[in-house]
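Each remark here refers to the structure printed beneath this line.
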Amino acid sequence: MGGSSGSSPCASCKLLRRRCSKDCIFAPYFPPHDPHKFAIVHKVFGASNISKMLQELPVNQRGDAVSSLVYEANARVRDPVYGCAGTISYLQNQLSQLQLQLAAAQAEVLTMQMHQKPHLAEQESEMSFLMAGDDFNSISHYIAVASNLSATVMEDPLTR
Amino acid sequence: MSSFSRCAACKYLRRKCPQDCILAPYFPSSNPQRFVCVHKIFGASNVTKMLQQVPGHLRAEAAECISYEAIARVQDPVYGCVGIITQLQQQISQIHSEIMKTKGEMIAHHCAHSQHHPPPQPQGDPSWSISLHQQQQDYSQSDEHLLRKY
């Protein structure tokens, strides 16, 4: 797949205006028909940094690495301040909110189950209803989870 | 900044740290590892260009995010930040499924409860059947409310 004197140079060598050798490290991942792909990663990371990063990886992982570098470079060009970190922050907030929603919904299901129990207990003895302590404990557990999650939402999403 | 208090960037690059060094506010000498990661992934000149392109009041946040991305890439050389994004998207998708499942349980419980409290049986009076129809409509509207709640 590498370029040679007889075939078209890869997008990297075209942009860098150099000869595209047969073992060019960029050639498999930056074909000549997509010059924008290399242009953007070169702008953000620099060709020599990308070359070093790829050299440190096994060949079978380089394709994925290039894809993720292109993604990050695009994110950084679109949003020069926050880049990919902004996307992560947004998703972490979304996840926290959904966890709260799930805890609330599960607590409501347990509450509904508890309200149904008195109806069934009309046909059973009063003692068996009082013995159904597990549901009370489950509701307390879910309310505690919801309270805990509301505290964690305030954490800095970039803190790792 | 004098040569006795160079920023982490200028220390690493073994150069004098000028008073107006653009990197100095964001790469203090107290945290040299942060600039090492940034330099490895982006390079000093790229980081300088990126910060120059951003308004002054946003440079601290930009430097923070650039550092975060560089550290993520050093820790995961194949996927970097994209690995974290993929993980979060999967977790969100999972939670969505659990919420839908829980909503289904809520509807099922609500329907089961309405079956245990059936509406009064009509005693030959047509007006009772109208009342029954109205109650069934009321229950289905509250089911929609439960679906919309979350």
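To find a chain, count down the sequence lines: A is the first, B the second, and so on, and within it residues start at 1.
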Using a cut-off of under 4.5 Å on heavy-atom pairs, state which of A:L57, A:T87, A:V44 scores highest against chain B. A:V44
Taking the side chain as every heavy atom from C-beta outward, state whether B:E69 and B:I41 have any atom pair closer than 4.5 Å. no
Side chains of B:P32 and B:Y12, heavy atoms from C-beta outward: is any pair under 4.5 Å? no
Under a 4.5 Å heavy-atom cut-off, does chain B meet the side chain of A:Y71, its backbone, both or neither? side chain
Without swapping roles, check the side chain of A:E72 against the backbone of A:C84 for a donor-acceptor pair under 3.5 Å. no
Selection from B:G80, B:G83, B:P77 maximising heavy-atom pairs under 4.5 Å formed with chain A: B:P77
Test applied, side chain to side chain contact (heavy atoms under 4.5 Å, CB included); reference residue, A:V66; option that passes from A:I50, A:L54, A:V41: A:L54
What part of B:I66 gets within 4.5 angstrom of chain A, counting heavy atoms only: side chain, backbone, both, or neither? both
Parallel, tilted or perpendicular: ring planes of A:F38 versus A:F30, cut at 30 and 60 degrees: perpendicular
Over-ring placement of A:R62 relative to A:Y29, 6.0 Å and 45° cut-offs: no
A:L69 versus chain B, the contacting section by heavy-atom distance below 4.5 Å: both
Less than 4.5 Å apart, side chain to side chain, heavy atoms only: is that true for B:L23 and B:F35? yes
What part of B:Q53 is in contact with chain A, defined as an atom under 4.5 angstrom from a non-hydrogen atom: side chain, backbone, both or neither? neither
Tell me, for B:K101 versus chain A, whether the close heavy atoms (under 4.5 Å) come from the side chain, the backbone, both or neither. neither
Where does A:K52 contact chain B at under 4.5 Å (heavy atoms): side chain, backbone, both or neither? neither
Can you tell me which portion of B:R59 sits under 4.5 Å from chain A's heavy atoms? Options are side chain, backbone, both or neither. neither
Measuring heavy-atom distances to chain B, does A:R76 have an atom under 4.5 Å in its side chain, in its backbone, in both, or in neither? side chain
